[in-house]
Amino acid sequence: MDTVLITGTTSGIGKAFAEQFAANGSNIILVSRNEETLRQQQESLQSRYHVQVAAIPCDLSEANAADRILERLSQLDWPVDILVNNAGFNEAGFFTETDLTKELAMIQVHISALTALTKLLLPGMIQRGYGRILNVGSTGSYMPCPCDAVYAATKAYVLSFSNGLYQELKGTGVTVTCLCPGATQTLFAEKANIHNTLLFKLFVMRPETVAAIGFRSLQKGKRTVTAGLYNKLLVLSAKLLPVPVINSIAQRMVRG
Ligand SMILES: NC(=O)c1ccc[n+]([C@@H]2O[C@H](COP(=O)([O-])OP(=O)(O)OC[C@H]3O[C@@H](n4cnc5c(N)ncnc54)[C@H](OP(=O)(O)O)[C@@H]3O)[C@@H](O)[C@H]2O)c1
């Protein structure tokens with residue numbers, strides 16, 4: 001039976017991932033900040049799916065977050081077979097007007113914590129000859145986004161890092177998949193105040209659908225996957241069109 005550690009499980013795509021893995025019979029380690037929601041989620045998953053569930057309350061924007069998670073894991077003594085780096089948020093707007101504290105926390109969560117967790121859990125996976133890592137990027141991983149510049153840049157890192165590592169790990173039994181969702185119906189857009197923008201009016205996917213796509217791609221050990229046909233077309237156009245054209249489309253999408 002696999003053990004999967006998922007970050008950002010208290011809502012949205014991460015919550016859907018936890019349901020999907022538990023329904024598949026995996027033991028789950030939940031990581032998010034909200035202790036009360038984590039505890040309820042732990043009890044609910046355990047009673048409905050009869051799998052073992054642990055909850056690690058942790059703020060991934062804190063510098064030593066990954067070390068603290070590892071410390072807790074060593075007490076649990078559950079080797080992690082699957083790591084889903086999903087936690088994230090957005091801080092959108094003109095860079096001169098956005099909140100630097102939130103942007104630095106975003107860099108910490110999307111880049112530093114994701115990198116550190118991968119670094120700390122990978123050796124065990126390689127030693128056991130089996131492991132799966134799924135990193136949640138975004139369609140923004142493929143295009144620079146005006147009025148969401150820091151967010152898109154962090155997600156470009158997620159894609160680049162995952163791609164490089166995928167190649168390095170060939171033959172080890174460990175794969176790295178980068179899942180790139182587009183607009184998805186979670187708390188994400190409302191928290192960043194972008195829920196009334198064109199991006200979230202045009203084509204919005206359900207988190208369960210996005211997680212199911214990620215789950216299947218992870219099982220197959222795919223390198224990258226973009227969720228949904230509309231988002232695949234968006235990513236294709238980002239690869240084909242000149243940056244200034246993509247820039248103005250992206251800006252229109254996030255400014256409404
Ligand atoms: N929704 C979209 O349109 C969309 C599109 C592309 C990519 N994505 C990506 O999908 C991933 C999941 O987002 P979502 O849409 O499911 O958003 P969501 O519903 O807001 O869920 C985000 C999750 O991340 C956790 N989280 C946020 N900051 C954290 C921190 N500092 N430490 C620990 N956990 C933290 C939250 O839990 P707590 O608040 O309890 O900590 C929550 O469980 C993110 O990486 C996001 O960038 C989303």
Side-chain angles (χ1 to χ4, degrees), residues 1-60 65-88 109 113-114 116-118 120-136 172-179 181 184-187 205-222 225 227:
M1 190 185 280
D2 282 335
T3 295
V4 51
L5 185 148
I6 310 167
T7 66
T9 56
T10 51
S11 71
I13 299 169
K15 184 176 180 184
F17 264 125
E19 293 283 332
Q20 184 98 50
F21 278 104
N24 193 52
S26 300
N27 294 326
I28 317 277
I29 301 161
L30 308 161
V31 178
S32 300
R33 286 169 303 183
N34 189 321
E35 283 195 42
E36 181 55 24
T37 311
L38 272 180
R39 199 187 49 74
Q40 287 167 4
Q41 190 178 22
Q42 179 183 20
E43 282 171 13
S44 165
L45 289 170
Q46 268 170 181
S47 65
R48 285 182 295 125
Y49 298 110
H50 309 291
V51 292
Q52 291 193 64
V53 184
I56 306 181
C58 181
D59 184 344
L60 293 168
D67 289 326
R68 283 194 286 114
I69 291 171
L70 206 74
E71 211 175 288
R72 183 78 182 89
L73 286 177
S74 65
Q75 291 162 2
L76 283 172
D77 200 21
W78 292 8
V80 174
D81 307 296
I82 301 173
L83 167 65
V84 179
N85 282 308
N86 161 79
V109 175
L114 175 145
L117 276 175
T118 306
L120 296 175
L121 295 177
L122 192 53
M125 294 179 186
I126 294 173
Q127 207 171 28
R128 293 187 295 277
Y130 171 77
R132 294 279 179 272
I133 297 170
L134 184 136
N135 294 327
V136 179
T172 63
V174 183
T175 57
V176 182
T177 301
C178 185
L179 166 68
T184 308
Q185 211 169 22
T186 66
L187 299 177
M205 291 180 75
R206 292 173 59 244
E208 294 79 11
T209 311
V210 173
I213 291 168
F215 182 80
R216 284 196 299 274
S217 305
L218 168 134
Q219 301 283 16
K220 289 180 189 162
K222 282 179 85 170
V225 60

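As the structure is a computational prediction, the values presented were derived from the model and not from experiment. Hydrogens, waters and symmetry mates play no part in the numbers below; they use all other heavy atoms, side chains included.
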- Item | Over all atoms of both residues, closest heavy-atom pair of I29 and I56 | CG2-CD1, 3.7 Å
- Message: Measuring only between side-chain heavy atoms, which start at C-beta, is F17 closer than 4.5 Å to L179?
- Response: yes
- Distance col, row T7:OG1 vs L60:CG, nearest 0.5 angstrom, shows 5.5 Å
- Spacing of I13 atom CD1 and R206 atom CZ [to the nearest 0.5 Å]: 12.5 Å
- Message: So, taking the atom named CG in L134 and the one named CD1 in I6, what distance separates them when rounded to the nearest 0.5 Å?
- Response: 10.0 Å
- Task: Check Q41, K15, E19 against T9 for a side chain to side chain donor-acceptor pair (under 3.5 Å) and give me the one that passes.
- Result: Q41
- Considering all heavy atoms, the nearest Q42-V53 contact: NE2-O, 2.8 Å
- Note on the structure: Residue set satisfying ring-ring contact (aromatic ring centres under 6.0 Å, His included) with F215, at least two apart, ordered chain then number -> F21
- Distance from T172 atom OG1 to L122 atom CG, nearest 0.5 Å? 7.0 Å
- Residues which pass side chain to side chain donor-acceptor pair (under 3.5 Å) with T184, listed by chain and number, not counting sequence neighbours: none
- For residues M1 and N27, report the shortest heavy-atom separation together with the two atoms involved. SD-OD1, 3.3 Å
- Lys/Arg-Asp/Glu bridge criterion (N-O < 4.0 Å) met for E35, R39: no
- Exam field: side chain N86 to backbone G8, donor-acceptor pair closer than 3.5 Å: yes
- What distance do I82 atom CD1 and I28 atom CD1 have between them, rounded to the nearest 0.5 Å? 8.5 Å
- Task: Considering non-hydrogen atoms only, spot the tightest contact between P181 and V210 and give its length.
- Result: CB-CG1, 3.8 Å
- Note on the structure: Taking every heavy atom of T186 against every heavy atom of P207, the minimum-distance pair comes out as CG2-CB, 4.0 Å
- Message: Show me the pairs that pass side-chain hydrogen bond (donor to acceptor under 3.5 Å, both in side chains) and involve residues 121-136, at least two apart or across chains.
- Response: N85-N135, R132-T175, N135-S162
- Item | Min side-chain heavy-atom separation M125-I133 under 4.5 Å | yes
- Taking all non-hydrogen atoms of both residues, which atom of S32 and which atom of L38 are closest, and how far apart? O-CD1, 3.5 Å
- Task: Apply side chain to side chain contact (heavy atoms under 4.5 Å, CB included) to M205 and I213, showing your working.
- Result: CA-CA 11 Å; M205 291 180 75; I213 291 168; 3.9 Å; yes
- Task: Test L70 against L121 for side chain to side chain contact (heavy atoms under 4.5 Å, CB included), laying out the working first.
- Result: CA-CA 8 Å; L70 206 74; L121 295 177; 3.8 Å; yes
- Point-to-point distance, once rounded to the nearest 0.5 Å, from CG of N34 to CG of D59: 12.0 Å
- For the pair L5 and I69, evaluate side chain to side chain contact (heavy atoms under 4.5 Å, CB included) and give the outcome as yes or no after the intermediate values. CA-CA 10 Å; L5 185 148; I69 291 171; 3.9 Å; yes
- Query: Is there a side-chain contact between L120 and L73 (heavy atoms, below 4.5 Å)?
  - Reply: no
- Message: Using side chain to side chain donor-acceptor pair (under 3.5 Å), reason through Q40 and E36 one step at a time and then give a plain yes or no.
- Response: CA-CA 6 Å; Q40 287 167 4; E36 181 55 24; 3.0 Å; yes
- Item | Any side-chain heavy-atom pair of E71 and D67 under 4.5 Å | no
